[in-house]
Each structure stands twice: as C-alpha cells, then as structure tokens.
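Let me begin by presenting the structure, written as structure tokens, before commenting on it.
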Number of protein chains: 2
Amino acid sequence: MTTRWLTGKEQRAWRAYIAATHLLEDAIDRQLQQDAGMPHLYYSILANLSEAPERRLRMTDLAEKSKITRSRLTYAVTRLEKDGLIRREDCQWDKRSSFAALTDEGMAVLERTAPGHVETVRAAVFDHLSEEQVERLEEISSAIVRALEGEETPRPTSDEVPWRRRSSPCSGSS
Amino acid sequence: MTTRWLTGKEQRAWRAYIAATHLLEDAIDRQLQQDAGMPHLYYSILANLSEAPERRLRMTDLAEKSKITRSRLTYAVTRLEKDGLIRREDCQWDKRSSFAALTDEGMAVLERTAPGHVETVRAAVFDHLSEEQVERLEEISSAIVRALEGEETPRPTSDEVPWRRRSSPCSGSS
DNA sequence: GACGCTTGGTTAAAGTTTGAAACAAACCTA
DNA sequence: TAGGTTTGTTTCAAACTTTAACCAAGCGTC
C-alpha cells in the first residue's frame, strides 16, 4: 500500500501545530512552576479535584480525567500530598479504591494562582484568536479527541466488546 | 486588576485542546516507540536533520528547530549517537560548536518508519478535518507560535533591545 | 468456597527532562 | 593583549515519566 503523504498545506499545519503545542506547554510549565511551584499537569490535577463533588475523586477517575496513567498519578499525588495540597482517603464501598481529596490549602493555592494561569493562557492563545477561530479550535480538537478515544485498546482481536466503563460508584452525594 | 476569566466558549475550546494534544502526543509516542524504538521528540530530531543541508546542524540550531532546551538535546543526541543514528562532528569555524549529523543508518530508519508515522497522524488528525479546518489549524497554531516566540526573554527591564539572533554561521554550503 | 479473571492501586528500576552551574572558545575593548 | 563578557555546549543532581511487575480486593462460576 502506497503511503498517503501529507500535502503541503497539511504539512505546514502539522508543523505549526507541533511547534505551538510545545512552546505553549513550556510557557505554561514555566509560569506555573514559578508562581505555584508545580508543573501544569499537577496544577490541572488540583483543578480537576476542585470541580469534583466534595472536591475528591477516586484515583482511577482522576487519572482518566487527567488523561494520564495511574502510576503517573500515584507519583504526582504522593508529591502533592507531601506538599499538603491533597489528602488520600479510603473508600468505604470498595476497599481497593482510595480517594484523592483537595485540602483547604490546596484549594487556596489554586485560588491564588488561577488568575496568573488564566492570564498566561490568554496572552498566549485567546488574545490572538477571533471568536470564530476559537470555535474552530474547539471543533478541530474535539475531532482529534474523538478519533483517539475511539480506538482505545488497539486490537481486541476477537469480538468487538462494546464495553462501557461503569460510572464511578462511590463519588456520589454527600 | 480583575482577572479576565475565560468565557464558556473559550473554556470548552481550551479543554478540548489540552485533551487533544495529550492524547495525540501519547498516541504518536506509542506508535513510534513501537515501530522506530524512540519517542516522537527523537524522531523529529532525526527528521529535522534529514532536511538540513548536508543532513547536519549545529546543536543550538537543532535545539531551536526542535523547540527544546540545549541540555535536553544533548541527552537525546547522546542516546541517538549510541544507537548509531547520529554522529557528532566538530565545527571548523567555531571551535565551541559541534554538529549533529544524520548517519546513513539514521536516514534508513527514518525512511523505513516515515510511512507508519504519517499514517498515524492522518488517522488521528487529517482524516477527520476538512480542508478549511486544516487552514484554520495552521492559522491558529501560527498565531500561538508568534505570541510565544515574540516574548522570549520576558523582561529586558531597561531598553527594549531589538536584538536579532544572527543566522547560524557555519551551516553553509558544501 | 476455591479457582481464575478483572479491577484499583502501588512499587521498583530504568529512562528522560529540567535548571543551574561549569567550562571553554570566541569576542570586545581599553 | 589582558580582562571581562558573551556564546555554545556539557555536566550534574533532582524531579518526573514509563514500563513492567506486584498485591490485594471484588466478581463469577463451577
């Protein structure tokens, strides 16, 4: 099968995209490291928790929301726990599970540093985009996410299991 | 100064963008690790070299093209040199500099694995975008790059030095 | 209710990245 | 041309990521 190479237009778009994402991640990491003492990933872990019911999530759910592996999350949470920004809690319903819960101090850090973070994102991205471009960015990004979330396990080989992950059982109400 | 928070639209775009870039980098890393035995960054270092005159670049220029720090590049080149895909060469004109040059074996690896890489990029991105969206993606990405390359050194504090990096002196002709 | 499979989470070791500091060659200037 | 500065690169330690086990708790079933 002959390769479907990228067209000139696609190639330009691809290179610009790669450059943009790398520069952007670097810039955000630098800013957050400076102002919050942690890289972007760790910041968004805290942010994810802050939006969850009771400001806590099971490790697996948090990993999924953060799009990272569980082991990577374990390391991050250990570090953030040492810093006093996160607390681990046991799950009553499922003795295997454990929660990561945002502490008050963690919430405080988040509130203190959010403005600077938003400002960085604005300065790097949204201040330079028209409303129409913002919409396109969302469309394009979503298309990529769909394409990549669709495949998940590359080859189930036999029957296509239309398996749905059950929604987390014990992140329920008060 | 009151924070200019992201609008709902911007927030959706931002989250989709973050998710897309992370999933995409992961997918590409997995594929290249599998097929070429190296992560995306290392692959694009080789790719950058393959397009340079004489298939070689000074370390600093290569770092700049690859949008990474020099120390990160040093590590990567050391590894790729061990693998026999890159060779270091001294610079005659400036004894401080050194070149990284793509070996024939490196070129071969690139040629062998490029089709699979392109296929992955297509499957994740371009197969799902209209021509118009590709153009927007390029526009948007370029805007971000401009925003971030513009600032470089955050605060020259005193006078705005409109300093231009001189183009690499010894990546010239044969 | 013991076997086996799956899920939730951690650990250990190897690999990579970062950021600051070290070095050496090149440059500038009095 | 001696002294200080800039530039190109590397080195080192600490932080982070990955990969492949590992353990323990739930689940299914015979």
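In what follows, every heavy atom counts, from backbone to side chain, and hydrogens, waters and symmetry copies are set aside. Every chain is numbered from 1, with letters handed out A, B, ... down the list of sequences.
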Next item on the list: Apply side-chain contact (heavy atoms from CB on, under 4.5 Å) to B:Asp35 and list each qualifying residue two or more places apart in sequence or on a separate chain.
Entry: B:Gln31
Notebook entry, point to check: Can you list the residues that meet the ring pair (Phe, Tyr, Trp, His ring centres under 6.0 Å) rule with B:Tyr43, with sequence neighbours excluded?
Noted result: B:His117
Whole angstroms only, please: what is the [atom1]-[atom2] distance between [X] and [N]?
X	N	atom1	atom2	value
B:Lys67	C:dT17	NZ	P	18 Å
A:Gln34	C:dT18	CD	P	16 Å
B:Ile68	C:dT18	CD1	C1'	12 Å
B:Glu25	C:dT16	CD	P	15 Å
A:Gln92	D:dA25	CD	C1'	15 Å
A:Leu57	C:dG9	CG	C1'	15 Å
A:Leu62	C:dG9	CG	P	10 Å

Check: Taking only residues two or more places apart in sequence, or in another chain, which ones meet A:Arg12 in a side-chain hydrogen bond (donor to acceptor under 3.5 Å, both in side chains)?
Finding: none
Next item on the list: Please check if the side chain of B:Glu135 supplies one atom and the backbone of B:Glu132 the other of a donor-acceptor pair under 3.5 Å.
Entry: no
Which pairs of donor and acceptor atoms, one on a side chain in residues 74-81 of chain B, lie under 3.5 Å apart (sequence neighbours left out)?
residue : atom : partner : partner atom : Å
B:Thr74 : OG1  : B:Arg70 : O            : 3.1
B:Thr78 : OG1  : B:Thr74 : O            : 2.7
B:Thr78 : OG1  : B:Arg88 : NH2          : 2.9
B:Arg79 : NH1  : B:Asp83 : OD2          : 2.8
B:Arg79 : NH2  : B:Gly37 : O            : 3.4
B:Glu81 : OE1  : B:Arg88 : NE           : 3.1
B:Glu81 : OE2  : B:Arg88 : N            : 3.3

Notebook entry, point to check: Can you list every ring-ring contact (aromatic ring centres under 6.0 Å, His included) pair that touches residues 120-146 of chain A, not counting sequence neighbours?
Noted result: none
Checklist line | Under 4.0 Å protein heavy-atom contacts per nucleotide of nucleotides 9-18 of chain D, with B for base, S for backbone only and - for none | finding: BBB---SBBB
